[in-house]
Amino acid sequence: MAKGKKQIIRVEDRSSDTPKWMITYADFIMLILVFFILLFSISQMDEEKFDAIAQSFKEEGLFDSSPSIVPFEDPIDGEEQNDEQLDSLMQQIQQYLESENLQDTVIASRTDRGVVIVLQEQVLFNSGEAEILPQAFSVLDKVGELLEGIPNFVRVEGHTDDRPIQTAQYPSNWELSTARSSSVLRYMLDSQKLESERFAAVGYGDTRPEVPNDGPANWTLNRRVEIVILNRFYEEESEQ
């Protein structure tokens, strides 16, 4: 072999040996890896930084020109509208009580809970009993008629004074107050066209006095049944 003659070594091109589908598959795997890395980075985002960015957008008014396509009710406006409805309902109840000559027997008041209709013990029951007196039927009939046209949830509450009771039928004021509220509610459901699912009967015993239990006059005021037409927002807060 002659000296100085260069030997050329050919390097074969083997890129053509790789199937094309593997290249596509490798790209696909890489995209999935990047996607999960992105998800992980979002999940680890600093909440304070995110809130700061959102607040800066609000200050710049970037969201003002893009109102939400989902309609929503302003809670403040909703509460004001509900209060107006309850105030109107209170006026209607007062007018109804006057037209039916019940203003001396039934007391109605407007509270944060809603509209409260108060029936004193002497109108409904004998002392220490939960059986409704016959002369109370007409009063409860008229109250039931009033409740027919009201969609709000209604709670019938029994209350007693703080003097203890211990009989075979009512071992304590808890049983007596609960039995009285249940009797009133059961009578109205049986005599009127009322939806039972929007009513409840509860007994509070002597735990929620209207006035201090310091004598016969106040004991009489505390022995009562209250029919509470609940404020819609008060009802929602109570369920939470």
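Nearest heavy-atom pair across N152 and L230 is ND2-O, 3.0 Å. Nearest heavy-atom pair across T160 and S177 is CG2-CB, 3.9 Å.
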Test I150 against L89 for side chain to side chain contact (heavy atoms under 4.5 Å, CB included), laying out the working first. CA-CA 9 Å; I150 299 174; L89 175 61; 3.6 Å; yes
Would L194 and E148 count as a side chain to side chain contact (heavy atoms under 4.5 Å, CB included) if you check the C-alpha gap in whole Å, the side-chain angles of each, and the deciding distance to 0.1 Å? CA-CA 6 Å; L194 301 173; E148 282 186 9; 3.7 Å; yes
Derivation and outcome, side chain to side chain contact (heavy atoms under 4.5 Å, CB included), residues V228 and V116: CA-CA 4 Å; V228 186; V116 182; 4.2 Å; yes
In sequence, state the C-alpha distance, the side-chain angles, and the governing distance for D87 and R110, and then conclude on side chain to side chain contact (heavy atoms under 4.5 Å, CB included). CA-CA 7 Å; D87 290 340; R110 173 76 165 86; 3.0 Å; yes
Would R180 and E157 count as a salt bridge (charged side-chain N to carboxylate O under 4.0 Å, His left out) if you check the C-alpha gap in whole Å, the side-chain angles of each, and the deciding distance to 0.1 Å? CA-CA 8 Å; R180 285 181 167 181; E157 303 175 349; over 6 Å; no
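When the side chains of ILVMFWY residues are joined at heavy-atom separations under 4.5 Å, either directly or via intervening members, F153 and M188 end up in two distinct hydrophobic clusters. By the rule that hydrophobic residues join a cluster once side-chain heavy atoms approach within less than 4.5 Å of another member, L221 and V225 end up as members of separate clusters. Hydrophobic clustering (side-chain heavy atoms under 4.5 Å, transitive across Ile, Leu, Val, Met, Phe, Trp, Tyr) groups L189 together with I132. Hydrophobic clustering (ILVMFWY, side-chain heavy atoms < 4.5 Å, transitive): F28 and F35 are in one cluster. Residues Y170 and F125 are members of separate hydrophobic clusters, defined by side-chain heavy-atom contacts under 4.5 angstrom among Ile, Leu, Val, Met, Phe, Trp and Tyr.
In this structure, CG on L86 lies 9.0 Å from CD1 on I93, to the nearest 0.5 angstrom. Note that CG of L119 and CD1 of I117 are 7.5 Å apart. Values are rounded to the nearest 0.5 Å. Interatomic distance, E195 CD to R198 CZ, rounded to the nearest 0.5 Å: 4.5 Å. Remark: I229 CD1 to M90 CE distance equals 9.5 Å, nearest 0.5 Å. One distance of note links CG of L97 with OG1 of T105; it measures 9.5 Å at 0.5 Å rounding. Going from atom CD of Q166 over to atom CG of L176 covers 13.5 Å, rounded to the nearest 0.5 Å.
For the pair R208/H159, a side-chain contact is recorded, criterion being any heavy-atom separation below 4.5 Å from C-beta on. Using a 4.5 Å heavy-atom threshold, the side chains of W174 and T207 count as touching. The closest side-chain heavy-atom distance from L133 to N126 is below 4.5 Å. Contact check for D112 versus N231: no side-chain heavy atoms found under the 4.5 Å cut-off.
Looking at residues two or more places apart in sequence or on another chain, you find no side chain to side chain donor-acceptor pair (under 3.5 Å) involving T111. In this structure N213 satisfies the side-chain contact (heavy atoms from CB on, under 4.5 Å) test together with D161, D162, P209, W219, N222, sequence neighbours excluded.
For the side-chain contact (heavy atoms from CB on, under 4.5 Å) criterion with V118, the lone passing option out of I227, V106, I107 is I107.
S191 places a side-chain N or O within 3.5 Å of a backbone atom of Y187 that can act as its donor or acceptor partner. The main-chain N or O of A130 is found under 3.5 Å from a side-chain atom of S183 such that the two form a donor-acceptor pair. When atom types are taken as modelled, the side chain of E175 and the backbone of S172 share a donor-acceptor pair closer than 3.5 angstrom. A donor-acceptor pair is defined here as one N or O able to donate and one able to accept, closer than 3.5 Å; no such pair exists between the side chain of R223 and the backbone of Q122. Proximity of a side-chain donor or acceptor of S181 to a complementary backbone N or O of A201 within less than 3.5 Å is not detected.
In this structure, R155 does not pair ionically with E226, as no charged nitrogen and carboxylate oxygen lie closer than 4.0 Å. A salt bridge does not link R224 to E121: none of the charged side-chain nitrogens sits closer than 4.0 Å to a carboxylate oxygen. A salt bridge does not link K142 with E145: every distance from a Lys NZ or Arg NE/NH1/NH2 to an Asp or Glu carboxylate oxygen is 4.0 Å or more.
Counting non-hydrogen atoms of neighbouring residues, nucleotides and ligands closer than 6.0 angstrom, the OH atom of Y25 reaches no more than 12 such neighbours.
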